[in-house]
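Below is one structure, written out as structure tokens, with a few remarks after it.
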Amino acid sequence: MTGAPRRHSALTAVLRARPPGAGHADILAELHRMLRGGEVPAGTPIRVDDLATHFGVSRIPVREALMTLVGEGLVVHRPHAGYAVARLTAAELRELYVVRRLLETAALSSALAAAGPEDDACARAAFAALDAAVERGDQAAYHRESRAFHLALVAPARMHRLRHVLESAWDATELCRPMAHVPEAERRAMHAEHSEMLAAFTARDEHSLLEASGRHHARLETSIAAIAADAAAGHGQA
């Protein structure tokens with residue numbers, strides 16, 4: 001009985017203060033930020049009344065925001081149990097990484113054909129921010145900047161629906177913060193592949209870009225499979 005309040009306090013503690021009367025869009029944006037950052041454990045209860053008090057609103061806009069998140073797979077709702085941060089199975093996590101690979105690969109060729117100097121500048125800036133996070137050993141920044149870098153590479157494709165689905169899949173994987181469990185040496189190998197991808201992108205070398213991206217995603221999927229297997233084994237021994 002004492003565990004739930006502590007977990008919920010951890011949830012509200014990471015929410016930014018908002019002026020009373022925040023609207024649906026404000027509430028949704030803040031909950032998105034929290035969930036994308038992986039700042040609360042999967043399965044954490046989300047209590048409507050406490051969020052309404054935090055945002056200074058009625059329960060209605062809070063429920064609307066939570067139902068949007070349910071539709072995105074980031075939150076679950078069970079009758080008589082309420083809302084909670086979604087919990088992925090190992091199979092679901094692996095599947096989402098496959099989805100991310102397929103969608104990103106589909107967009108890269110089109111992005112390369114449409115890219116110009118401004119897109120190169122955006123990609124270089126995104127890589128520089130990611131590189132700084134790697135050198136600082138800042139895992140939270142690594143998660144954020146890695147995503148920004150990958151999205152910078154596909155942005156010139158202007159495939160808005162594809163990008164929406166890609167970001168939705170990415171949001172769902174962030175609930176688990178899987179990269180936090182990847183060894184430092186493996187993360188640095190992945191970052192070397194980021195560098196290869198940037199070089200191929202700015203050189204407009206489609207073959208090298210797709211080859212480097214393919215190796216990168218294969219490494220990601222292998223790492224995620226190992227993490228999932230370890231987690232399953234640990235759960236079985238508990």
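We're numbering straight along the sequence, starting at 1.
- Put simply, CD on Glu72 and CG on Leu31 are 10.5 Å apart, with the number rounded to the nearest 0.5 Å.
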### Query
Would Val154 and Leu103 count as a side chain to side chain contact (heavy atoms under 4.5 Å, CB included) if you check the C-alpha gap in whole Å, the side-chain angles of each, and the deciding distance to 0.1 Å?
CA-CA 10 Å; Val154 302; Leu103 291 173; over 6 Å; no

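- Residues that satisfy the side-chain hydrogen bond (donor to acceptor under 3.5 Å, both in side chains) test with Arg204, not counting sequence neighbours, are Asp120.
- Residue Leu209 forms a side chain to side chain contact (heavy atoms under 4.5 Å, CB included) with just one option from Thr202, Thr105, Leu198, Leu112, and that option is Leu112.
- Linking Ile, Leu, Val, Met, Phe, Trp and Tyr residues whenever their side-chain heavy atoms come within less than 4.5 Å leaves Val76 and Leu88 in two separate clusters.
- Under the side-chain hydrogen bond (donor to acceptor under 3.5 Å, both in side chains) criterion, Ser195 pairs with no residue at all, not counting sequence neighbours.
- Relative to the six-membered ring of Tyr97, Arg100 meets both conditions, a distance below 6.0 Å and an angle of at most 45° to the axis.
- In this structure, Arg33 and Glu30 have side chains that are in contact, with non-hydrogen atoms separated by less than 4.5 Å.
- Between Ser110 and Ala106, the shortest heavy-atom distance links the atoms OG-O, 4.4 Å.
- Scanning all heavy atoms of the two residues, the minimum distance from Phe201 to Pro156 falls at CZ-CG, 4.0 Å.
- Around CZ of Arg136, the count of heavy atoms belonging to other residues, nucleotides or ligands within 6.0 Å exceeds 12.
- In Glu64, the CD atom is crowded: over 12 heavy atoms of neighbouring residues, nucleotides or ligands sit closer than 6.0 Å.
- A distance of 8.0 Å separates NE2 of His191 from CZ of Arg188, quoted to the nearest 0.5 Å.
- Here Arg59 contributes atom CZ and Asp50 contributes atom CG; the two are 10.5 Å apart, rounded to the nearest 0.5 Å.
- Heavy-atom contacts from other residues, nucleotides or ligands closer than 6.0 Å to CD of Glu118 number 12 or fewer.
- Residues Glu92 and Arg94 form no side-chain contact, since every pair of their non-hydrogen atoms from C-beta on lies 4.5 Å or further apart.
- In Ile60, the CD1 atom is not crowded: 12 or fewer heavy atoms of neighbouring residues, nucleotides or ligands sit closer than 6.0 Å.
- Nearest heavy atoms, Ala152 versus Cys122: CB-O, 4.3 Å.
- Here the closest heavy-atom approach between residue Glu186 and residue Arg219 is recorded as OE2-CG, 3.0 Å.
- Using a 4.5 Å cut-off on side-chain heavy atoms (C-beta onward), Phe55 and Asp26 make no contact.
- By the 4.5 Å heavy-atom criterion applied to side chains, Tyr142 and Leu130 are counted as neighbours.
- Rounding to the nearest 0.5 Å gives a distance of 4.5 Å between NE2 of His216 and CG of Leu220.
- Cluster membership check: Leu108 shares its hydrophobic cluster with Val165, using side-chain heavy-atom separations under 4.5 Å among Ile, Leu, Val, Met, Phe, Trp and Tyr.
- The aromatic rings of His150 and His194 lie perpendicular to each other, with more than 60° between the two planes, well past the 30° mark.
- Between the CE atom of Met190 and the CE atom of Met197 there is a distance of 12.0 Å, given to the nearest 0.5 Å.
- Between Ser213 and the options Glu193, Glu104, Glu196, a side chain to side chain contact (heavy atoms under 4.5 Å, CB included) holds for only Glu104.
- Checked options Leu74, Leu96, Leu35; the residue passing with Asp171 is Leu74 (criterion: side chain to side chain contact (heavy atoms under 4.5 Å, CB included)).
- To the nearest 0.5 Å, the span separating CD on Glu221 from CG on Leu93 amounts to 10.5 Å.
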| message | Please determine whether side chain to side chain contact (heavy atoms under 4.5 Å, CB included) holds for the pair Val134 and Arg187, giving the CA-CA distance in whole Å, both sets of side-chain angles, and the decisive distance to 0.1 Å. | response | CA-CA 8 Å; Val134 171; Arg187 282 202 302 273; over 6 Å; no

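- A donor-acceptor pair shorter than 3.5 Å can be found between the side chains of Ser109 and Glu206.
- Of all heavy-atom pairs spanning Ala155 and Arg163, the tightest one is CB-NH1, 3.7 Å.
- Cluster membership for Leu28 and Met67, using ILVMFWY side-chain heavy atoms within less than 4.5 angstrom, is shared.
- Val48 and Val70 fall within the same hydrophobic cluster, defined by Ile, Leu, Val, Met, Phe, Trp and Tyr side-chain heavy atoms under 4.5 Å apart, directly or through other members.
- Across Ala157 and Ala107, no two heavy atoms sit closer than the pair CB-O, 3.7 Å.
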